[in-house]
Amino acid sequence: QVQLVESGGGLVQAGGSMRLSCTASGRAFSSYSMGWFRQAPGKDREVVATISAGGGNINYADSVKGRFTISRDNAKNTVYLQMNSLKPEDTAVYYCAADLSGLPFRKEHNYDYWGQGTQVTVSS
């Protein structure tokens, strides 16, 4: 069982920045692929960014490329999402998730464990 705890959400003005963190329990974090996903009101959950176990393979949704950066610190069992130039359309609940396979670029349904989510609200 892997527990994921997100933090860092809140309210920010458009154009601002925010960093989300997700800390995992257990000793095998460095073998997991990690992902950030989000779900806006009335919309399906969508992928934001994913990072492979070693950090060498990273993928972003087109809507966040050039503005968001995913990274991980395996020594701290933590994955980050740095969000810059935030837009009102980035408003959503953000979830981190762990894929125990460690493989890169896998789809949402392959992720095995999910955090509880953290609200990000961008005001215009």
Side-chain angles (χ1 to χ4, degrees):
Q1 189 80 4
V2 176
Q3 292 184 324
L4 303 173
V5 180
E6 300 105 335
S7 61
L11 175 65
V12 65
Q13 287 189 330
S17 297
M18 182 178 288
R19 188 176 81 158
L20 304 182
S21 301
C22 172
T23 300
S25 63
R27 300 180 180 180
F29 177 79
S30 61
S31 69
Y32 307 155
S33 291
M34 298 297 296
W36 284 99
F37 298 80
R38 67 186 181 186
Q39 186 168 23
K43 295 188 177 181
D44 292 336
R45 189 163 57 190
E46 62 178 1
V47 64
V48 175
T50 63
I51 185 168
S52 59
N57 291 293
I58 291 175
N59 187 52
Y60 294 100
D62 288 342
S63 59
V64 307
K65 281 181 181 177
R67 300 188 298 122
F68 290 12
T69 302
I70 188 171
S71 62
R72 65 190 297 159
D73 185 339
N74 287 341
K76 295 183 178 180
N77 278 19
T78 300
V79 62
Y80 304 97
L81 185 68
Q82 177 66 44
M83 305 184 291
N84 298 329
S85 302
L86 282 160
K87 304 175 181 180
E89 51 263 45
D90 295 318
T91 295
V93 177
Y94 283 71
Y95 300 89
C96 72
D99 176 358
L100 272 57
S101 76
L103 297 173
F105 311 133
R106 300 231 293 174
K107 294 190 182 297
E108 179 180 339
H109 67 270
N110 291 303
Y111 283 75
D112 302 286
Y113 293 98
W114 293 80
Q116 81 286 352
T118 187
Q119 177 70 47
V120 172
T121 302
V122 184
S123 63
S124 57

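Annotation for Gly102 and Ser52: closest pair O-CB, 4.2 Å, computed over non-hydrogen atoms. The two residues Val2 and Ala24 come nearest to each other via the heavy atoms CG1-CB, 4.3 Å. Shortest non-hydrogen contact noted between Cys22 and Met34 is SG-CE, 4.4 Å. Shown here for Asn57 and Pro104, the closest heavy-atom pair between the two residues is CB-CB, 3.5 Å. The two residues Ser85 and Ser17 come nearest to each other via the heavy atoms N-OG, 4.4 Å. Nearest approach of Gln119 to Ala92, heavy atoms of both residues: NE2-O, 3.4 Å.
By the side-chain hydrogen bond (donor to acceptor under 3.5 Å, both in side chains) test, Thr23 pairs with Thr78, sequence neighbours left out. Qualifying side-chain contact (heavy atoms from CB on, under 4.5 Å) partners for Ser123, counting only residues two or more places apart in sequence or in other chains: Leu11, Gln13.
Side-chain contact between Lys76 and Phe29: absent, with no pair of heavy atoms (C-beta onward) separated by less than 4.5 Å. When side chains are defined from C-beta on, Val120 does not count as touching Arg38, because their heavy atoms never get closer than 4.5 Å. A heavy-atom distance below 4.5 Å is not found between the side chains of Arg67 and Met83. Using a 4.5 Å heavy-atom cutoff, the side chains of Arg106 and Ser33 are not in contact.
Residues Val12 and Leu81 share a hydrophobic cluster, clusters being chains of Ile/Leu/Val/Met/Phe/Trp/Tyr side chains in contact below 4.5 Å. Under the 4.5 Å side-chain heavy-atom criterion for grouping Ile, Leu, Val, Met, Phe, Trp and Tyr, Leu20 is connected to Ile58 within one hydrophobic cluster. Side-chain heavy atoms closer than 4.5 Å link hydrophobic residues (I, L, V, M, F, W, Y) into clusters, and following such links, possibly through other members, connects Val122 to Val48. Ile70 and Leu4 end up in the same hydrophobic cluster when Ile, Leu, Val, Met, Phe, Trp and Tyr side chains are linked at under 4.5 Å. Hydrophobic clustering of Ile, Leu, Val, Met, Phe, Trp and Tyr side chains at less than 4.5 Å, counting indirect connections, keeps Tyr95 apart from Val64.
With respect to Asp62 and Lys65, a salt bridge is recorded, a charged nitrogen being found less than 4.0 Å from a carboxylate O.
Residue Asn110 holds its CG atom at 11.5 Å from CG of Leu100, rounded to the nearest 0.5 Å. Rounding to the nearest 0.5 Å places SG of Cys96 at 7.5 Å from CD of Gln116. Interatomic distance, CZ of Arg45 versus CD of Glu108, reported as 4.5 Å (0.5 Å rounding). Separation of atoms CZ (Phe105) and CG (Asp99) is listed at 12.5 Å; rounding is to 0.5 Å. The distance from the CD atom of Gln39 to the CG atom of Asp44 is 7.0 Å, given to the nearest 0.5 Å. The OH atom of Tyr94 sits 12.5 Å away from the CD atom of Glu6 when rounded to the nearest 0.5 Å.
Pairs of residues two or more places apart, or lying in two chains, that qualify as ring pair (Phe, Tyr, Trp, His ring centres under 6.0 Å) and include a residue from residues 35-81 are Phe37-Tyr111, Phe37-Trp114.
Looking only at distances, no side-chain donor or acceptor of Asn74 sits under 3.5 Å from a matching main-chain atom of Gly54.
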